[in-house]
Amino acid sequence: MLKNTFRIVVCLISFVLFFNCKTDPKVAPPPPKKQVVVPKFERDSAYQFIEQQVAFGPRVPNSEGHRAARNYLIEKLKTFGANVTAQDFTAKAYTGTTLNATNIIASFNPDHPRRVLLAAHWDSRHIADYDPDEARQDEPILGADDGGSGVGVLLEVARVIKHHPIDLGVDIVLFDAEDYGESKGEDITSWCLGSQHWAKNLHTPGYKADFGILLDMVGAKNARFTKEEISRAYAPNVLNKIWKLSQDMGYGNYFVNVDTRQIVDDHYFVNDIANIPTIDIINRPSETETGFGHYWHTHADDMSVIDKQTLRAVGQTLLAVIYQKSAGRF
């Protein structure tokens with residue numbers, strides 16, 4: 001009798017287990033990740049945007065070329081459908097000169113809660129302090145790469161966003177008076193006057209971005225973008241993800257896994273004052289004495305140093321970052 005009872009209990013348990021297994025609802029598989037279509041970055045268009053800036057001549061604050069470039073940049077960004085703010089300000093240069101300057105902010109989807117900051121400086125240096133011709137060292141330079149290239153890439157990014165709407169807030173900030181610093185002085189605040197002003201006077205009160213990307217000297221042939229120290233300190237995850245993404249896209253000859261020392265650039269003040277984790281994509285060739293291109297702060301910084309393939313590597317990487325971010329995959 002006991003054995004029969006045991007058999008009955010076992011059968012009942014087996015039946016219950018079998019029934020539960022059969023009737024438990026299936027767990028739904030996770031939804032497939034949203035497909036990311038990254039638009040093509042047109043390098044010829046970016047090149048033309050740089051060419052147009054250089055055509056104005058040196059873009060030094062208080063100069064006619066600077067005023068013409070300011071108006072051009074503002075109007076061009078408006079044609080791309082951005083909300084454009086001209087943040088005029090004055091700053092005292094290390095020379096004692098009062099600079100009349102303008103930060104230009106172009107915002108796409110200004111009410112979107114998720115935002116990314118893209119930046120470059122649009123002014124050019126007031127002196128050619130590293131030019132081999134000492135007689136011309138006091139003359140301003142054209143700044144095709146140093147200033148012009150980053151702006152050219154960002155103008156093309158803005159043009160792409162107009163034609164390929166993005167589910168993300170994107171703020172393009174063109175800083176002024178970056179390059180009016182004292183090269184042999186120790187006061188780092190003599191540089192990057194525009195980013196210092198913007199970080200202390202944000203164009204939108206309480207403005208925040210998930211992260212920022214600064215472009216500086218991103219147009220030269222065989223450029224070498226290293227992992228700069230301030231970028232590593234303030235935004236290591238963003239830095240490593242962007243480098244990995246670019247390398248996976250085939251641009252590993254540009255975005256190299258090499259650590260280099262810190263640079264006083266606009267991203268320092270965006271990080272330190274505005275508290276937005278920001279990296280610097282900047283050319284750091286290994287074979288030059290200054291650590292920058294051979295043309296740096298010389299009259300050789302003209303359209304002859306600009307390479308369309310480098311523009312494509314940087315621009316396509318930037319588009320991949322923001323469109324993947326839009327889809328929740330960055």
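Values reported hereafter were calculated over all heavy atoms of this structure, with side chains retained and with hydrogens, waters and symmetry mates removed.
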Distance (rounded to the nearest 0.5 Å) between [X] [atom1] and [Y] [atom2]:
X	Y	atom1	atom2	result
L154	W122	CG	CH2	14.5 Å
H297	I127	NE2	CD1	8.5 Å
D307	R43	CG	CZ	8.0 Å
L155	S45	CG	OG	8.5 Å
D216	D146	CG	CG	5.5 Å
D129	Q137	CG	CD	7.0 Å

Is a side-chain donor or acceptor of [X] paired with a backbone partner of [Y] at a separation under 3.5 angstrom?
X	Y	answer
T278	N271	no
Q247	G252	no
E156	F41	no
E182	A93	no
D302	S304	yes
R224	R284	yes
T79	K76	yes
T288	H294	no
D301	D145	yes
T298	A300	yes

So do [Y] and [X] actually touch side chain to side chain, heavy atoms under 4.5 Å?
X	Y	answer
V157	I322	yes
N283	F225	yes
W198	D266	no
R67	F56	no
D167	H112	yes
I230	I263	no
P39	Y323	yes
Y47	L311	yes

Of T260, D280, D259, N257, the residue whose pairing with K227 passes side-chain hydrogen bond (donor to acceptor under 3.5 Å, both in side chains):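 Among T260, D280, D259, N257, the one meeting side-chain hydrogen bond (donor to acceptor under 3.5 Å, both in side chains) with K227 is N257.
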Matching residue for N100 among N62, D88, D176 - test: side-chain hydrogen bond (donor to acceptor under 3.5 Å, both in side chains):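 When N62, D88, D176 are each tested with N100, the side-chain hydrogen bond (donor to acceptor under 3.5 Å, both in side chains) holds only for N62.
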Please say yes or no: joined through hydrophobic side-chain contacts below 4.5 Å, possibly via intermediate residues, are [X] and [Y] part of one cluster?
X	Y	value
I281	V270	no
I242	V218	yes
V151	M217	no
L318	F49	yes
L215	F255	yes

side-chain contact (heavy atoms from CB on, under 4.5 Å) between F269 and V264, intermediate numbers included: CA-CA 9 Å; F269 299 101; V264 178; 4.2 Å; yes
Using a cut-off of 6.0 Å, state whether more than 12 heavy atoms not belonging to [X] lie near its atom [atom1].
X	atom1	answer
K221	NZ	no
K308	NZ	yes
E289	CD	no
Y268	OH	no

Working for side-chain contact (heavy atoms from CB on, under 4.5 Å), residues W243 and T317: CA-CA 9 Å; W243 256 243; T317 297; over 6 Å; no
For residues [X] and [Y], report the shortest heavy-atom separation together with the two atoms involved.
X	Y	value
A177	L99	CB-CD1, 4.3 Å
I50	A144	CG2-O, 3.5 Å
F108	A82	CZ-CB, 3.6 Å
H299	R136	NE2-O, 3.0 Å
N103	G194	ND2-O, 2.9 Å
A158	I172	CB-CD1, 3.8 Å

Q316 vs V38, side-chain contact (heavy atoms from CB on, under 4.5 Å): CA-CA, chis, key distance, verdict: CA-CA 8 Å; Q316 198 64 59; V38 179; 3.5 Å; yes
Centroid separation F330 to F211 less than 6.0 Å: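 Yes.
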Test: D131 and R125 ion pair at under 4.0 Å: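 Salt bridge: no.
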Side-chain ion pair, R114 and D210, N-O less than 4.0 Å: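 Looking at D210 together with R114, the answer is no, because their closest N to O distance does not fall below 4.0 Å.
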Donor-acceptor side-chain pairing of D123 and Y180 below 3.5 angstrom: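 Result is no, nothing qualifies.
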Modelled atom types, side-chain donor and acceptor of R70 and T102, under 3.5 Å: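 Yes, a side-chain donor-acceptor pair sits under 3.5 Å.
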Stepwise side-chain contact (heavy atoms from CB on, under 4.5 Å) check, Y251 with V314: CA-CA 9 Å; Y251 300 126; V314 175; over 6 Å; no
